[in-house]
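Reviewing the structure listed below.
Throughout, a chain's letter reflects where its sequence line sits, starting with A, and its residues are numbered from 1. Keep in mind that the numbers below use all heavy atoms, side chains included, and drop hydrogens, waters and symmetry copies. This is a predicted model, so every value here is computed, not measured.
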Amino acid sequence: MKLTLRIWRQSGPEDPGALRTYEVDGITPEMSFLEMLDTLNEELIERGEEPVAFDHDCREGICGACGMVINGEPHGPDRTTTCQLHMRHFEDGATVDIEPWRAAAFPVVKDLVVDRSSFDRVIGSGGYITAPTGSAPEAHATPVPKAAADAAFEHAECIGCGACVAACPNGSAMLFTSAKVVHLNSLPQGAPERETRVLDMVETMDAEGFGGCTNTGMCTTVCPKGIPLSSISTMNREYLRALRKGA
Amino acid sequence: MALATRTERRPPTVVRLWRSTIGKKTVMAVSGAIMLLYLVFHMLGNLKVFFGPDEMNGYAHWLRTIGEPVLHHEWFLWLARVGLLAAVLAHGVAAYQLSRRDLAARPVGYRHRRARTSYATRTMRWGGVILALFVVWHILDLTTGHVNPNGESGRPYENVVATFNTWYGNTIYGVAMVAVGLHIRHGFFSAAQTLGAGSAARDRALRLTANGLALVLTLGFLAVPVGVMTGVVE
């Protein structure tokens with residue numbers, strides 16, 4: 001397979017950046033999207049050019065490090081992470097546009113790498129339970145109803161890749177924040193901080209410069225982990241409940 | 001030694017509500033619901049036009065007597081107007097502030113653009129502006145009568161017929177009623193989500209209700225100009 005890539009190149013945060021065109025040959029359908037970029041980067045290094053910077057780590061779809069907007073869609077045409085996207089989803093000779101996540105809260109570091117530490121600060125403001133550390137507690141020490149465990153697990157699947165923010169027309173982080181709020185607020189272990197968690201995390205989310213939610217649902221259509229739109233509504237309910245209780 | 005307890009002083013609930021994005025959306029949802037409720041009664045009242053001038057004008061007169069003798073003549077109407085004005089202002093200010101924030105959250109856009117949200121969703125902001133302008137014209141036309149070709153106080157039936165006998169009256173009204181339908185289609189669903197009513201099991205019903213409300217209101221409102229144009233109402 002041969003592809004024409006138009007990749008966002010930006011040498012640093014201050015550089016205005018631009019799309020640059022590259023031709024890549026010798027791509028096989030079973031290659032992952034990142035392997036295709038590796039192929040390009042090897043060629044660039046051989047030619048003495050600067051390779052394209054992009055984030056990646058586990059390359060098995062569970063860490064949330066990778067992510068780029070491919071033809072206007074975060075993580076590309078398949079509902080998965082960029083590392084698990086395979087070149088069989090592209091046609092030979094096609095032109096593919098590759099851009100970084102675009103959000104004020106995700107400043108570009110270089111090329112396709114963005115700084116997502118705003119997510120860490122949202123988590124740091126309440127995305128945990130306060131418990132003494134030490135040896136692992138007995139698994140059945142705290143009974144958890146099956147429905148609550150299922151709901152918590154569904155939302156705990158969020159890997160914090162940021163595709164929801166990248167897809168949202170408002171650059172909103174509501175799906176990310178709600179996934180963690182619903183995950184912990186569903187469980188008995190999360191109950192003592194139920195109100196402060198949602199209030200503090202939403203406050204940090206707003207302070208980081210993410211936009212507001214207009215319920216377009218774009219976030220859920222690109223989420224590689226299938227966090228549902230109802231997650232946002234549940235967080236809204238938790239938020240209003242916490243405000244009413246005056247926490 | 002006693003430890004100092006952590007006493008965090010938080011601002012009042014209303015202030016916190018208005019400061020947060022979710023809170024502002026809540027204000028929009030509640031004010032939108034108030035206006036939607038008003039629209040339902042407004043649309044039902046409009047349909048009186050099909051029962052002739054006496055029925056329509058009598059209904060308009062009755063509206064001014066609601067609450068009597070506890071309330072003075074027209075007081076109920078003015079209370080409703082003040083409430084609606086507050087809803088419009090709250091809705092507009094929150095929408096403006098949230099929109100500013102949303103646009104600032106993506107300072108650099110994508111080169112490869114894909115519009116995949118529905119038309120109703122994409123037109124919420126400008127659709128809202130169109131509706132606000134329409135309301136100004138609509139009040140000058142049929143409440144105060146300043147721009148009405150007939151403009152006779154206390155005779156809404158004749159004024160309505162006069163408006164819809166003009167091409168511009170029909171055009172402005174038609175565009176606005178399509179806009180209001182689109183606005184409700186996304187707005188009702190979005191408001192339900194904001195107020196926490198959404199769930200995987202309920203979202204389908206919420207979307208159906210939103211579409212149904214939008215369709216019924218748009219068709220109900222459009223029935224009046226269509227009635228005048230076809231000569232059913234004259």
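Within the 4.5 angstrom heavy-atom criterion, only backbone atoms of A:F210 (N, CA, C, O) approach chain B. Within the 4.5 angstrom heavy-atom criterion, no atom of A:I70 approaches chain B. Both the backbone and the side chain of A:E73 come within less than 4.5 Å of a heavy atom in chain B. Both the backbone and the side chain of A:M205 come within less than 4.5 Å of a heavy atom in chain B. Both the backbone and the side chain of A:L243 have a heavy atom closer than 4.5 Å to some heavy atom of chain B. When heavy atoms are compared at a cutoff of 4.5 Å, A:T221 approaches chain B solely by way of its side chain, counted from C-beta outward.
Heavy-atom pairs under 4.5 Å with chain B were tallied for A:V202, A:T234, A:V69; the largest tally goes to A:V69. When the candidates B:S20, B:S199, B:P12, B:A200 are compared by the number of heavy-atom contacts under 4.5 Å with chain A, B:S20 comes out ahead. Heavy-atom pairs under 4.5 Å with chain A were tallied for B:T13, B:T121, B:L195; the largest tally goes to B:T13. Per-residue heavy-atom pair counts under 4.5 Å with chain B were compared for A:G72, A:G211, A:G217, and the maximum is reached by A:G72. Per-residue heavy-atom pair counts under 4.5 Å with chain A were compared for B:L17, B:I22, B:D203, and the maximum is reached by B:I22. Annotation: maximal heavy-atom pairing with chain B below 4.5 Å, among A:A207, A:C168, A:S172, occurs at A:C168. Between chain B and the residues A:V165, A:D97, A:D206, the most heavy-atom pairs under 4.5 angstrom are made by A:D206. When A:A166, A:G17, A:G246 are compared by the number of non-hydrogen pairs under 4.5 Å with chain B, A:A166 comes out ahead. Considering only heavy-atom pairs separated by less than 4.5 Å from chain A, the leading option among B:K24, B:Q193, B:M124 is B:Q193. Chosen from A:P228, A:C213, A:A167, the residue pairing most often with chain B at heavy-atom distances under 4.5 Å is A:C213.
Contact annotation for residues 170-190 of chain B against chain A (heavy-atom separation below 4.5 Å, listed by residue number): B:H186, B:F189, B:S190. Using a 4.5 Å heavy-atom cut-off against chain A, the contacting residues of residues 100-110 of chain B are B:R101, B:D102, B:A104, B:A105, B:R106, B:P107, B:V108, B:G109, B:Y110.
Rounding to the nearest 0.5 angstrom, the gap separating the CG atom in A:N236 from the NZ atom in B:K25 is 8.5 Å.
At most 12 heavy atoms of other shown residues, nucleotides or ligands fall within 6.0 angstrom of atom CZ in B:F76. Shown here is A:F153, whose CZ atom has no more than 12 heavy atoms of other residues, nucleotides or ligands within 6.0 Å. Within a 6.0 Å sphere centred on CD of A:E23, heavy atoms belonging to other residues, nucleotides or ligands number more than 12. The 12-atom threshold is exceeded at CD of A:E193, counting heavy atoms of other residues, nucleotides or ligands nearer than 6.0 Å.
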What verdict does the side chain to side chain donor-acceptor pair (under 3.5 Å) test give for A:Y239 and B:T26, after you've listed the backbone C-alpha separation in whole Å, the side-chain angles of each residue and the deciding distance to 0.1 Å? CA-CA 11 Å; A:Y239 183 84; B:T26 306; over 6 Å; no
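Listed here is the closest heavy atom pair of B:A197 and A:S233: N-OG, 3.5 Å.
Contact check on B:R111 versus A:E99 returns no salt bridge, with no Lys/Arg side-chain nitrogen under 4.0 Å from an Asp/Glu carboxylate oxygen.
Using a 4.5 Å heavy-atom cutoff, the side chains of A:L199 and B:R16 are in contact.
Remark: B:F221 pairs with B:H42 by the ring-ring contact (aromatic ring centres under 6.0 Å, His included) rule, at least two apart or across chains. In this structure, the ring-ring contact (aromatic ring centres under 6.0 Å, His included) partners of B:H72, at least two apart in sequence or on a different chain, are B:W75.
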